[in-house]
Amino acid sequence: MTATGIDFGTTNSVVAQWLGGEADVLLLDAHHIDADWRRPGFEYLFPSVVGMSSLRRGALFGWEAKLRSEEAAEACKRLLKSDEYVKIHGRRFAATTVAAGVFRAMRKGAEHNLTAIDRAVITVPANATGAARYRTRAAAQFAGIEVQALLNEPTAAAISYVHDLQEDFTILVFDWGGGTIDVTVLDYQDGFFEERASRGVTELGGLEIDRRLRELVLERAPARAAWTPAQQRQFGLDVERSKILLSSQESVTVMTPDGVAVEIWQEELEDAITDLVDRALAPVQQCLTDLHMAPLDVDAVLMIGGTSQIPSVRAAVAEVMQQQPVGVDLCDPMTAVARGASIAAAVLSGEEDGVIQVATSHALGTVVMDDAGHKRFSQIIPRNSPLPWKERKSYTPRRDNARSLPVEIWEGDPTRPLDHPDNVQLTELRLTYPEPRAREDSRFLLEYTYDTNGLLHVKATLERTGDEVLNEEIKSFSSGGPTPEVLKELEDLLTGNTGTTWPGQSADATTRRPVFTTAKPAPPSSAGARTTASTPQVLVVDGSNLAWIGRSPRQPDVYGSEDRPSFAQLLSARDALASRYPDAVLHVVVDATFRHKVAEDERAAVAAALSKGDLIQPPAGTEGKGDALVTAVADDTGATIVTNDNYVELQSRYPWLRDKARVLGATYSRGVWVFTPRACVAPCHRVVPAQLPKPSRALTPPSPYPLAEIKLRPHEK
Ligand code: ADP
Ligand code: MG
C-alpha cells in the first residue's frame, strides 16, 4: 500500500503519495480541465465540487462538476458546517454522502494513474470541529478509504517543508484559500511539532476576491439584459479564471455575457481588494500577540492556498512579517498540504523513520442523565491526549434490576451542551448484566482505550465482581462501516437516481429539459425519406459534422478564405429531424471551436444557443472535439446518433456504434435532408477537421523534500 495523503480542501482537493524519497502528486482529473483553465499546477487539483448536468446520468465531480454542471455544490464546506444537506436536482443528500462521492471520484482518478488510494492520512482545517472531523473520516470510509489519521492542514504543510532541520524552529503558516483564511504558528522543537496558536476569518477567501473583480467589470460594462443562470455561471467562472491570470500577468480581458470585452489591470484589482488583504492580515497579528512574539521570532513563513499567490498578498505578508515568505519552489502553495500528509502516512505505516505523535482532537465520552433529567456529555478521554490513551470512569444505572443498558459513545466538547453541533454520537453499544441486581450492585467501570490507528476499544466491568459486561472495538469511529441506507444514498448520487428522470430514461423524457423542442417543426422537407428503423427516443446530433456537410474544412476557396461550417445548415437539419421524429429528444453537440469557425454573422446566434443550452459543446482546447461528447451522451441515454462520421477512435470503446439502430447518416441536397440508418464500420474520410494533438501528460516534478530522520509530532488539536 502506498503511503497516501489527501488534502480534502473546501475548494480543491489534492492527493500525494510518498514514494520513499519524494512525494508524487497525482493527476487525478487533469484530462477534464478545459484548455482555458489549464495553468501550471492546476493539473494536480481536484475541485471538491459535486454537480449535475441534464446531459449525464449521475453526479459529476471535480473539474467536470466545476466547469460543466448546471447545478453545483461544494461538498466539503457543508461537511464542516452544521447545514449537513446538499440539494441536488431537488433531492437532499447528506453532506457526508456527497463528500464520500468526492472521495470515490478521487479514488477512480487514482486508478487512471494506475495507483490506488486504500488508506490515507487526511487533512482537515486546524479549527475543524469534532463533528466535521468525524464526518470527514466517515465520508472517506464510505468511499472505501481507511483513515490512518486526520492531520491539521498547517501541520501537514509544515511537515512538507521541515525535513532535516536540526535546530528548533518556529513556522507561521498563512493559508488563504477559497473560503477562509487560517493562520497558524507552529513550533518545531526536539523534533516535534506543536501548534501554538491558530486564528482565522471565515467567509474571507477567493470568493470575495472574485466578487470584487466582478464589480470592477460590471462598473465598466453594466449588464444590458437579464442573464440566464447558465450565463451567470459562465461569467462567474470567467471572472475566477481572469482573477487567477492576474496573479501572473499585468492585465486580462474579461468578456461579459453581453459580449462586451473589459480590460482589467493587476493594479486595479489589487487596489480593489486592499481592505480584504488587511482583514486577512489581522489573524497574523493576533497569533503574534497571543504568543507575545515579534515578527522576526518566526523563522519561516509558509504561504499556502490559491489566494496567497496574489502578488500583493505576498508582499503584504512580507511587510508585516519583515521577511520574505519561503519560495514556492520549496513550499508549493497548492500541494504542500497533500505532500506533508503523504509523509505523515509513510511515517505512520513505518515506511519512513520518524515519530508521529497523534493526539485526540476532541474529547471522548458517554452520555449521562443529570438530576434534572437532562442529558449531559460525560468525558472519559480528554481532548489533546496523546495516543494511545486509556482511561476509565465509574457509572451507576438509574434504576434497579436492569438487564441491559445502552451505552452511547460520543465525541466532542464536554463544555458545550450535548445538542451543540460540535458534539456527535459515534455509536451506541449495549451492556448486558449476567443477572438483574440493585443499582448499587450494578455499578460498572467504563474503560475507553484509544489507539494510534484511530481504534476505540470500549470495555465495561462490574465493580462488584469484576465481570466483563461489555467488550467491543469501534473501528475508526463507525461501528460496522457504512449503513445500507448510506450506501444506497451514495449509489443514488453516483447513478443519478435523484428521484427525477434523466433524458432518455423514460417516456416523459421529452418533458425534461427539452433541447430544441420549443422550435417549431419545419414542414417535412423530404417526402420519401421516412426510415423504417424503430423510432428513436433520443437523438444526439453531431452538429459540427452536419454543419460541415458539403463544405471542405481544409481547402481555401478561390478567394483565399477558408470554408466555414454553417449554423443555418445545422438548424435546418435540426428542424428536419424534429419533424421526422416529433417525439424524440434532441441533443445537438458541436465542437468547442464551432463558434469561432462559423461566419461572423452567425457567431452571436451560436453563442446564444450555447448559453441557452440548445447547443452543447465539450470543453475548449485539445479535447474540444464533439465526437467524444456525442458518444458519451448517447452511451448514457441509449440514444441514436446522427452523423456521417465513423468515430474510428471510439469504436472499440462503444461497440454499439456498429449497430445500425444506433446511427443515422445524413444527406443534404438542395434544402432536403435525408436520414438513413447506418452503422459505423470502416473508416472513411472524415468530414470534420483532423484531430488536434492530444495533451501531453504533465510530469510530476521531483519533490524537494528528501526525508531524513525526523520526528514529527503533529497535533490533531
Ligand atoms: P481551499 O484550500 O479552500 O480548498 P485553494 O487553496 O485550492 O482552496 O484555493 C482556491 C482559491 O484560490 C480559489 O478561490 C481560486 O480562485 C484561488 N486561486 C487559485 N490560484 C490562484 C492564483 N494563482 N491567484 C489568485 N487566486 C488563485
Ligand atoms: Mg486548502
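Read the numbers this way: they start at 1 and go in the same order the structure lists the ligands and their atoms.
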**Student:** With heavy-atom distances below 4.0 Å as the criterion, list the atoms of ligand 1 near G305.
**Tutor:**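 Near G305, meaning under 4.0 Å from one of its heavy atoms, ligand 1 has 6 (O).
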**Student:** Charged N to carboxylate O below 4.0 Å: is that the case for R107 and D118?
**Tutor:**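 Answer for the salt bridge query: yes.
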**Student:** Considering the heavy atoms of S247, write down every atom of ligand 1 situated less than 4.0 Å from one of them.
**Tutor:**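 Result: 22 (C), 23 (N), 24 (N), 25 (C).
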**Student:** I want to know if ligand 1 touches D175 in the polar sense, i.e. an N/O pair below 3.5 angstrom.
**Tutor:**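 Between D175 and ligand 1, no N or O pair is found under 3.5 Å apart.
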**Student:** Identify, by atom number and element, the atoms of ligand 1 in contact range of G206, meaning under 4.0 Å from any of its heavy atoms.
**Tutor:**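 Contacts of ligand 1 toward G206, numbered from 1: 14 (O).
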**Student:** Counting heavy atoms only, which of G177, C76, G179 comes nearest to atom 2 (O) of ligand 1?
**Tutor:**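 Looking at heavy atoms only, G177 sits closest to atom 2 (O) of ligand 1.
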**Student:** Tell me the closest heavy-atom pair linking L45 and M334, and the distance in Å.
**Tutor:**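 Between these two residues, the closest heavy atoms are CD1-CE, 3.8 Å.
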**Student:** Measuring from atom 23 (N) of ligand 1, which candidate in Q309, K243, E153, E74 has the nearest non-hydrogen atom?
**Tutor:**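 Heavy atom nearest to atom 23 (N) of ligand 1 belongs to Q309.
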**Student:** In this structure, is the centre-to-centre distance between the rings of F103 and F8 below 6.0 Å?
**Tutor:**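 When the ring centroids of F8 and F103 are compared, they turn out to be within the sub-6.0 Å range.
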**Student:** Could you list the atoms of ligand 1 found under 4.0 angstrom from a heavy atom of I310?
**Tutor:**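 Going through ligand 1 atom by atom, the ones under 4.0 Å from I310 are 25 (C).
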**Student:** Any N or O of D210 that comes nearer than 3.5 Å to an N or O of ligand 1?
**Tutor:**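 In fact, backbone or side chain, D210 has no N or O that close.
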**Student:** Distance under 4.0 Å to a non-hydrogen atom of G9: what atoms of ligand 1 satisfy this?
**Tutor:**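 Those atoms are 4 (O).
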**Student:** Could you see which bit of M334 sits under 4.0 Å from ligand 1, with heavy atoms only: side chain, backbone, both or neither?
**Tutor:**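 Side chain only.
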**Student:** Are Q285 and V320 side-chain neighbours, meaning at least one heavy-atom pair lies under 4.5 Å?
**Tutor:**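 Of all side-chain heavy-atom pairs linking V320 with Q285, at least one is under 4.5 Å.
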**Student:** Using side-chain hydrogen bond (donor to acceptor under 3.5 Å, both in side chains) as the criterion, point out the one residue from E240, H32, E74 that pairs with K66.
**Tutor:**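 Exactly one pass, corresponding to E240.
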**Student:** Which is closest to atom 7 (O) of ligand 1 by heavy-atom distance: N12, L246, D182?
**Tutor:**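 Comparing heavy atoms across N12, L246, D182, the nearest one to atom 7 (O) of ligand 1 lies in N12.
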**Student:** Any idea which of R39, R241, E240 brings a heavy atom closest to atom 13 (C) of ligand 1?
**Tutor:**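 That would be E240.
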**Student:** What is the closest protein heavy atom to atom 26 (N) of ligand 1, and at what distance does it sit?
**Tutor:**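 The closest heavy atom on the protein side is G306 O, 3.4 Å.
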**Student:** Counting neighbours of CD on E267 that are heavy atoms of other residues, nucleotides or ligands and sit closer than 6.0 Å, is the number greater than 12?
**Tutor:**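 Not more than 12 within 6.0 Å, no.
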**Student:** Report, in ascending order of atom number, the atoms of ligand 1 lying under 4.0 Å from any heavy atom of G178.
**Tutor:**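 It comes down to these atoms of ligand 1: 1 (P), 3 (O), 8 (O), 9 (O), 10 (C), 11 (C), 14 (O).
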**Student:** Under the side chain to side chain contact (heavy atoms under 4.5 Å, CB included) test against L172, which residue among M321, M303, R196 passes?
**Tutor:**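 Only one option passes, and that is M321.
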**Student:** Do W227 and D258 have a side chain donor and acceptor closer than 3.5 Å?
**Tutor:**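 There is such a pair (donor and acceptor under 3.5 Å, judged by atom type) between the side chains of W227 and D258.
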**Student:** Return the closest protein heavy atom for atom 1 (P) of ligand 1 as residue, atom name and distance.
**Tutor:**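 Closest protein heavy atom to atom 1 (P) of ligand 1: T11 OG1, 3.5 Å.
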**Student:** Side-chain donor-acceptor pair under 3.5 Å between Q286 and D290, yes or no?
**Tutor:**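 Checked: Q286/D290 side chains show no N/O donor-acceptor pair below 3.5 Å.
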**Student:** Check for a donor-acceptor pair, side chain of Q231 on one end and backbone N or O of T228 on the other, with a separation under 3.5 Å.
**Tutor:**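 Between the backbone of T228 and the side chain of Q231 there is a qualifying donor-acceptor contact (under 3.5 Å).
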